[in-house]
Amino acid sequence: MSGRVWVAYTGGTIGMLPTESGFAPVPGAFPGKLRELLAAMGDELPSVEIEEFDPILDSANMRPEDWNRIAERVRDRYDDFDGFVVLHGTDTLAYTASALSFMLEGLRKPVVVTGSQIPFCRARSDARRNLIDALIIAGQFSIPEVGVLFDGKLYRGNRVTKVSADALDAFRSPNYGPLVRVGTSIEVDHDQVRRAPRGPLRVRTVGKARVGALRLFPGIDARVLENLLAPPIQGLVLEAYGVGNAPVRDLELVRVIREAGERGVVIAVCSQCLEGTVDLESYATGRALAEAGAIGVGDMTAEAAMTKLVYLLECEADAAAVRSRMVRSLRGELSGERS
């Protein structure tokens, strides 16, 4: 098989080994296991170069500066490889995949993010299948997107959310179908894949923006929201009920949102529901949020809304410009437009 793939091993369950404290990443251990697999498969897999990050991380410890490091290494090796695979822990994998989709501007090659629910060293591990599928897709297919590969499906990276801590099909793309299905053959749904953009690859680093998130719940005190929206916060992802409803009978809560918006804080409303879309015009309880200055972000996942907001606050100095671009599809994260 032809094709060259660069693999970033950032950490996560896939490369963990048993220790006295439980399963944990062990520096230097996983690259050797991968090389053994490649040797055993011969020419059935693309040519691979693996880079182990230092430190290797449980994904719960991932931060925006780690997203920057991954994106910058993809940029540095971009001309030398046909595709890229990022091995990552599952807990924050959806955040990293979403962030990379925005940060890698002008991406024309596949970047496949994957991991496993069971470590590679265990007999029942799902790591081998996910890894092999990811390598083949990254090395052989023209998919100019950041994708998440798990359990035989490649999803758009900014469309996924983790839905299970135990099942091998740990991720779902609730509002957008798979780009690729892997069975006895590999089937690409070309109608789902984005068109390749024009121009060179550029990396937009992140980390300066101050963004928060809050899930509404019955009886929420407006002071909780007020404290969260205090300076220096620049943006908030508000997970509302249903199609974007909130307890607007609480006039203090509405006041807090309005005053934050007037200060330039961008408040993006997504749904607590796994499927469906936010429409702040459907009900009076949603319309009151819009009138207070919040914006509905359609069918974006909370992970996509968060990382897109972080990205746009790095791109734009004006809150109005951020609000305008939040409701437009930039990388296929939002239904209704072909981007």
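Keep in mind it's a predicted model, so treat the numbers as computed, not measured.
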| message | Taking the basic N atoms (NZ, or NE/NH1/NH2) and the acidic carboxylate oxygens, is any pair closer than 4.0 Å for Arg77 and Asp80? | response | yes
| By ring-ring contact (aromatic ring centres under 6.0 Å, His included) - contacts of Phe84 (at least two apart) | none
| said: Within the 3.5 Å criterion, strictly below it, is a donor on Glu314 or Thr205 matched to an acceptor on the partner's side chain? | reply: no
| Between Asn158 and Ser101, is any side-chain donor less than 3.5 angstrom from a side-chain acceptor? | yes
| said: Distance alone, cut at 3.5 Å: any donor-acceptor contact between the side chains of Thr96 and His88? | reply: yes
| query | Would the number of heavy atoms belonging to other residues, nucleotides or ligands and lying under 6.0 Å from CZ of Phe23 be above 12? | reply | yes
| request: Share the residues that join Ile118 in a hydrophobic cluster, the rule being Ile, Leu, Val, Met, Phe, Trp or Tyr side chains under 4.5 Å apart at the heavy-atom level. | output: Leu168
| message | Starting from Met62 and following side-chain heavy-atom contacts under 4.5 Å between hydrophobic residues (I, L, V, M, F, W, Y), which residues can be reached? | response | Leu57
| By ring-ring contact (aromatic ring centres under 6.0 Å, His included) - contacts of Phe102 (at least two apart) | Tyr311
| request: State whether Tyr78 and Lys109 meet the cation-pi test: NZ (Lys) or CZ (Arg) under 6.0 Å from the six-membered ring centroid, and within 45° of the perpendicular axis. | output: yes
| Arg223 atom CZ, over 12 foreign heavy atoms within 6.0 Å | no
| Are Asp169 and Lys153 ion-paired here, with the side-chain N under 4.0 Å from a carboxylate O? | no
| So, Ser335 versus Asp299: side-chain donor-acceptor pair below 3.5 Å or not? | yes
| Partner of Leu87 under side-chain contact (heavy atoms from CB on, under 4.5 Å), chosen from Thr114, Val112, Thr13 | Thr114
| request: Determine whether the side chains of Lys308 and Ser98 contain a donor N or O and an acceptor N or O closer than 3.5 Å. | output: no
| message | Strictly by salt bridge (Lys or Arg N to Asp or Glu O under 4.0 Å), give each pair with a member in residues 240-253 just once, sequence neighbours left out. | response | Glu252-Arg255
| task | Mind checking ring-ring contact (aromatic ring centres under 6.0 Å, His included) for Phe30 and listing every partner two or more places apart, or none if nothing turns up? | result | Tyr9, Phe120
| request: Would you confirm whether Asn68, through its side chain, and Val206, through its main-chain N or O, come within 3.5 Å as a donor-acceptor pair? | output: yes
| Shared ILVMFWY cluster between Val160 and Met306, side chains joined below 4.5 angstrom? | no
| task | Output, in order, the C-alpha distance, side-chain angles, deciding distance and verdict of side chain to side chain contact (heavy atoms under 4.5 Å, CB included) for Leu236 and Leu229. | result | CA-CA 8 Å; Leu236 176 73; Leu229 288 172; 3.7 Å; yes
